[in-house]
Amino acid sequence: LYGFKPKWAKAFSHRVQSSGKISMRMQSIAAILIASFFASIFPGSASDVIDASNLESFNCEQKTYIEPSTSEKFHWQCGYLHTTENAGGFGREIKLAVILLTPRDKNSARSAPTVFIHGGPGIGIAKNWSYIAKLSAAASGPFIIFDQRGVGLSVPWLCPFLEDDRPWLDTQSQAQLKKTATSDVTKCLAWFQSNGFDPAAYGTQATVRDMEALRTALKIDLWNVYGV
């Protein structure tokens, strides 16, 4: 759009130059009007969207489920945050799947962002972020969803032999659930050891460290925390 000027703006500029009677204040007002004009044509400009330049972009449509109505309410960006298994840049590379939602409403888009921490543990949410977008908190300002390390769309995916969805667990008794959980933990720890993963690098402390790295990468000074 560089160099483009509507006819009415050209005429206004010509009168300013020819008459020399319009004050600097009026010229400032004219500049504001022109800026507002372009803002109305191009809603959701880069200044209204979280800076994702430090993320490795991936195709949202290919890897996640997006409800048709979502596009009416949000701009979205999907990407990976690169970090390491251990603090200080040591250990194997880890990629955290991140979904950035920015409300199309301009006032909401300029509100303080919120980061969403999913429950579980062991189950990601990025793949089905459209459901999370229905929360009222998502519409109140920029909303950041991410899969914690080792789960969902994040890389690597730990203990891949464990199914994401196991509805049959709902039919088990407390004793059966305890037996199943004990078996899963035993198998998962064995998988960690055989594949050279450090179990201590996957937990609450690591999640907090990843959140701080994410906040820094997105150039956010302060954000709200929403957890389940």
Side-chain angles (χ1 to χ4, degrees), residues 32 35-36 38-40 42-58 60 63-64 66 70-91 93-155 201-228:
I32 293 172
S36 300
F38 285 116
S40 66
F42 303 101
S45 60
S47 61
D48 297 328
V49 180
I50 296 175
D51 185 350
S53 60
N54 289 321
L55 302 184
E56 175 197 344
S57 177
F58 69 79
C60 291
K63 292 194 174 185
T64 70
I66 304 175
T70 305
S71 60
E72 301 174 2
K73 301 177 182 179
F74 300 98
H75 297 281
W76 63 78
Q77 303 172 85
C78 298
Y80 286 112
L81 173 68
H82 289 253
T83 184
T84 54
E85 190 174 61
N86 304 111
F90 298 101
E93 181 185 55
I94 289 177
K95 294 163 61 174
L96 301 178
V98 182
I99 313 294
L100 307 177
L101 303 180
T102 304
R104 290 187 178 274
D105 177 78
K106 285 190 171 294
N107 290 329
S108 297
R110 294 187 175 95
S111 299
T114 296
V115 60
F116 183 86
I117 309 173
H118 65 77
I123 297 177
I125 57 171
K127 188 175 182 178
N128 295 301
W129 62 266
S130 282
Y131 297 110
I132 306 298
K134 295 179 180 180
L135 294 170
S136 57
S140 64
F143 204 67
I144 303 154
I145 299 169
F146 73 101
D147 279 342
Q148 296 175 28
R149 55 173 62 190
V151 304
L153 296 178
S154 290
V155 181
Y202 299 84
T204 302
Q205 291 184 344
T207 298
V208 172
R209 191 168 67 247
D210 289 342
M211 289 174 62
E212 182 62 11
L214 179 59
R215 185 191 63 78
T216 302
L218 298 178
K219 302 176 184 179
I220 296 173
D221 294 326
L222 297 172
W223 60 11
N224 300 311
V225 177
Y226 189 115
V228 295

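What's counted below: heavy atoms across the whole structure, side chains too, no hydrogens, waters or symmetry copies. As the structure is a prediction and not an experimental result, all values here were calculated from the model. All residue numbers in this chain count up from 1 along the given sequence.
- A salt bridge is absent between Glu212 and Arg209: the closest approach of a Lys/Arg side-chain nitrogen to an acidic carboxylate oxygen does not fall below 4.0 angstrom.
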Going through the checks in order, is the side chain to side chain contact (heavy atoms under 4.5 Å, CB included) test met by Leu100 and Leu55?
-> CA-CA 11 Å; Leu100 307 177; Leu55 302 184; 4.1 Å; yes
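- Taking each heavy atom of Leu218 and Ala52 in turn, the nearest pair found is CD2-CA, 4.4 Å.
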Tell me, with the steps shown, if Ile117 and Gln148 meet side chain to side chain contact (heavy atoms under 4.5 Å, CB included).
-> CA-CA 8 Å; Ile117 309 173; Gln148 296 175 28; 3.6 Å; yes
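- In this structure, CD1 in Ile145 is found 6.0 Å from CD1 in Ile132, a value given to the nearest 0.5 Å.
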Check the pair Ile144, Leu214 against side chain to side chain contact (heavy atoms under 4.5 Å, CB included), reporting the backbone distance first and the verdict last.
-> CA-CA 10 Å; Ile144 303 154; Leu214 179 59; 3.9 Å; yes
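- Counting heavy-atom neighbours within 6.0 Å of Glu56 CD, excluding the residue itself, gives a total above 12.
- To the nearest 0.5 Å, atom CD1 of residue Ile66 and atom CG of residue Asn128 are 11.0 Å apart.
- Smallest separation of non-hydrogen atoms from Thr70 and Ser130: OG1-OG, 3.5 Å.
- Using cut-offs of 30° and 60° for the angle between ring planes, the Phe143 and Tyr226 rings count as perpendicular.
- A donor-acceptor pair is defined here as one N or O able to donate and one able to accept, closer than 3.5 Å; no such pair exists between the side chain of Ser108 and the backbone of Arg104.
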Steps toward side chain to side chain contact (heavy atoms under 4.5 Å, CB included) verdict (Tyr202, Ile94) = CA-CA 11 Å; Tyr202 299 84; Ile94 289 177; 3.8 Å; yes
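- Counting only distance, with no hydrogens or angles, the side chain of Arg149 and the backbone of Ser154 share no donor-acceptor pair below 3.5 Å.
- Closest approach of Ala126 and Leu153 over heavy atoms only: CB-CD1, 4.1 Å.
- With Phe146 as the fixed residue, the side-chain contact (heavy atoms from CB on, under 4.5 Å) test singles out one of Leu81, Val115, Ile99: Val115.
- Between Pro142 and Ala112, the shortest heavy-atom contact is CD-O, 4.2 Å.
- Minimum heavy-atom separation, Ala109 to Thr102: CB-CG2, 3.8 Å.
- The structure places NZ of Lys95 at 9.5 Å from CZ of Phe58, a figure rounded to the nearest 0.5 Å.
- Ile125 approaches Asp147 most closely through the heavy-atom pair N-OD1, 2.6 Å.
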